[in-house]
Structures are given as C-alpha cells and as structure tokens.
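We name chains A, B, ... by the order of the sequence lines, and we start the count at 1 in each one.
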2 protein chains.
Amino acid sequence: MEELDQRIVQLLLQDGRMSYTDLGKATGLSTSAVHQRVRRLEQRGVVRGYTAIVDPEAVNLALTAFISVKPFDPSAPDDTPERLVGLPEIEACHSVAGDENYILKVRVPGPGDLEDLLARIRTAAGVSTRTTVVLSTPYEARPPKL
Amino acid sequence: MEELDQRIVQLLLQDGRMSYTDLGKATGLSTSAVHQRVRRLEQRGVVRGYTAIVDPEAVNLALTAFISVKPFDPSAPDDTPERLVGLPEIEACHSVAGDENYILKVRVPGPGDLEDLLARIRTAAGVSTRTTVVLSTPYEARPPKL
DNA sequence: GCTGAAACGCTAATATC
DNA sequence: GATATTAGCGTTTCAGC
C-alpha cells in the first residue's frame with residue numbers, strides 16, 4: 001500500500017472521528033484528495049468501518065473470557081463459525097493451529113451468563129470447550145504501529 | 001446506565017462516525033442534547049475513543065497470534081504488562097485465571113517477525129511463552145448487543 | 001489524482017426554560 | 001438536562017487541470 005494511504009489509515013486508527021480537513025492538514029493533501037482516498041480505502045475493504053471504543057464494565061459486560069473450542073466429531077464438515085455467528089456475546093472467532101480448532105473471545109455480564117453461554121455454544125456447534133477467564137485487562141485495542 | 005445513553009453507545013459502536021444530527025434523529029433528542037450526552041460519556045470514560053476497523057492483511061499484518069505468558073520467577077513482583085507495553089506488536093494484554101498469567105494478542109507481518117517478537121517478549125519480561133497461531137478469522141471486532 | 005470553490009450540512013457555544 | 005438559535009467550520013460535489 002502507498003505511503004500516503006498508510007499514513008491516513010494510521011491517523012484513522014488513532015482517531016476514527018478525525019475530520020477530512022484535519023487529515024488533509026496532517027498529510028499535506030487537500031480536503032477533497034483525502035476524502036477521495038478514504039473512500040477508496042473503504043471501497044477496497046482496507047477500512048471496514050468505524051467504531052467507538054467502549055469500557056466494557058460501563059455497559060454491563062464486566063466478564064471477558066477466551067473459549068477454546070473443539071468439535072466432538074473431527075471427521076464431520078466443520079461449520080462451527082456459522083453455527084455460532086448468531087450468539088452476540090461472541091466478539092471474535094479465530095480458527096487456530098494447535099490442540100483446539102477455534103478460539104472465541106466472549107463478553108458477558110457475569111459468571112452466570114458465562115455458564116449459559118457455554119451451554120449454548122456446546123449445543124449450537126457440537127463442540128467441547130475450555131474456558132480461560134480474564135481477570136483484568138492492562139491494555140486492549142491498541143492501534144498497531146504501521 | 002440510562003437507556004438513552006445505552007442507545008447512543010450502541011449506535012456509536014455500530015458507526016463510530018455517525019453525526020450528532022443523525023444520533024439525534026435516531027434517539028428522538030435534539031442535536032445539542034445528544035452532543036452533551038456523548039461528551040459526558042467520553043468524560044466519564046464510558047466512551048474511550050474512536051477507531052477505524054482495518055483489514056490487518058491490507059496493512060501488512062497478516063499473522064495474528066495469541067501468546068500465553070508465565071513469569072520464570074513466580075515469587076517476584078509481577079510487572080509484566082508494563083514491561084511489554086513498549087512493544088507495539090502487542091494489541092492486547094489480558095491477565096487471566098488458569099495455567100498461565102497473561103494472554104497477549106499480537107500482530108506481525110509474518111513468521112519471522114513472530115520469532116523476533118517472542119524473543120523480545122521473553123527477554124523484556126522474563127517469561128516463558130506458549131504461542132497459538134491464528135489461521136483465519138471468521139469474524140472479529142463485532143459490536144456487542146447491549 | 002489533485003486542487004479550489006460553492007452549496008449544503010454539521011458542530012459547538014450561548015441563551016433560555 | 002432539554003431545546004432553540006446561530007456563527008463558524010467541515011463535508012461533499014463538481015469543474016478544471
């Protein structure tokens with residue numbers, strides 16, 4: 001990717017609400033030129049969207065956990081992600097190398113909700129689970145250095 | 001938290017660049033009232049900031065991994081997060097219950113960079129590591145249902 | 001692909017209730 | 001806390017290069 005686009009992406013990672021005017025000033029381009037570039041980045045799928053970064057505890061999602069998942073029947077076709085996509089507590093689903101097949105990142109209000117969620121995951125996807133509870137999060141969602 | 005604030009937060013999770021005018025229309029409040037509420041949410045730390053959601057492969061970060069970390073000396077004071085905060089490849093650091101002490105989420109261009117990063121993590125923090133490589137990511141960064 | 005300009009819409013501050 | 005108002009600023013589009 002081109003250097004100017006990279007610069008723009010980095011600025012939007014740091015502040016997703018930065019104005020095109022300010023992006024222009026920061027990159028030495030005109031407002032229209034930045035605007036065009038951002039739209040191309042969005043069209044090409046480099047920029048997929050924008051979001052607020054929210055304190056999970058403040059929105060009643062105080063319990064975060066990682067759930068490693070393994071199908072009961074390893075020979076069956078594996079459609080685990082689609083089977084789980086409807087559970088909104090699952091923030092992310094990664095297919096991984098290693099002992100298990102997937103790692104899920106989930107957020108729930110508390111332990112009882114985690115218990116419920118685990119049951120729903122097992123029945124919806126036909127998997128066994130291994131859960132790692134997050135105690136605290138020193139940092140998260142840091143913008144990468146490009 | 002109040003219902004209106006929750007609604008606003010949800011809308012900003014779905015579109016971090018939504019205008020105050022549109023937030024007002026969506027919530028039935030005036031532009032100024034929404035604006036005030038958003039600023040209070042930011043001040044209170046409920047909304048911590050805004051960011052673009054970017055395709056990691058498009059910005060030369062094609063390899064994602066989870067690294068579980070355990071101090072060599074479990075009796076020493078544990079300042080692992082501070083020791084690692086300077087490594088920009090680390091997107092998140094979670095303290096967890098279980099066999100290991102922390103789970104790190106990292107992104108690098110490729111396997112060689114992961115090897116380098118692991119060495120830097122071990123020497124910087126005095127820890128042993130266990131790495132789980134992400135093969136693909138069916139979904140990630142989904143906004144939670146509030 | 002970039003610039004510059006004009007129309008339009010949004011933001012942010014003030015005043016009022 | 002909410003609304004109304006308004007000046008200033010940002011966004012978006014388009015013509016021109």
Would you call A:Glu91 and A:Lys105 a salt bridge, taking side-chain N to carboxylate O under 4.0 Å as the test? yes
Taking all non-hydrogen atoms of both residues, which atom of A:Ala65 and which atom of A:Thr131 are closest, and how far apart? CB-CG2, 4.0 Å
Applying the side chain to side chain contact (heavy atoms under 4.5 Å, CB included) criterion to B:Arg37, which one of B:Thr27, B:Val9, B:Leu23, B:Asp5 satisfies it? B:Asp5
Could you give the CD-to-C1' distance, from A:Gln36 to D:dT12, as a whole number of Å? 11 Å
Output the rounded distance in Å from CZ (B:Arg37) to P (C:dA12). 18 Å
I'd like to check B:Asn101 versus B:Thr80 (side-chain heavy atoms, cut-off strictly below 4.5 Å). Are they in contact? no
Ring of A:Tyr20, cation from A:Arg39 - is the NZ or CZ under 6.0 Å from the centre and inside 45° of the axis? no
Scan residues 19-31 of chain A against DNA chain D and write down, sorted by residue number, each residue with any heavy atom closer than 4.0 Å; if none is found, say none. A:Ser19, A:Tyr20, A:Thr21, A:Thr31
Closest approach of A:Arg17 and B:Gly16, non-hydrogen atoms and distance? NH1-O, 2.8 Å
List the atom of B:Ile103, the atom of B:Phe66, and the distance in Å for their closest heavy-atom pair. CG2-CD2, 4.0 Å
Return the polar atom pairs (N/O with N/O) between nucleotides 13-17 of chain C and the protein under 3.5 Å, or none.
residue: C:dA13; atom: OP2; partner: B:Arg39; partner atom: NH1; Å: 3.2

Using whole Å, what does the distance between atom P of nucleotide C:dT11 and atom CE of A:Met18 come to? 17 Å
Taking the basic N atoms (NZ, or NE/NH1/NH2) and the acidic carboxylate oxygens, is any pair closer than 4.0 Å for B:Arg44 and B:Glu2? no
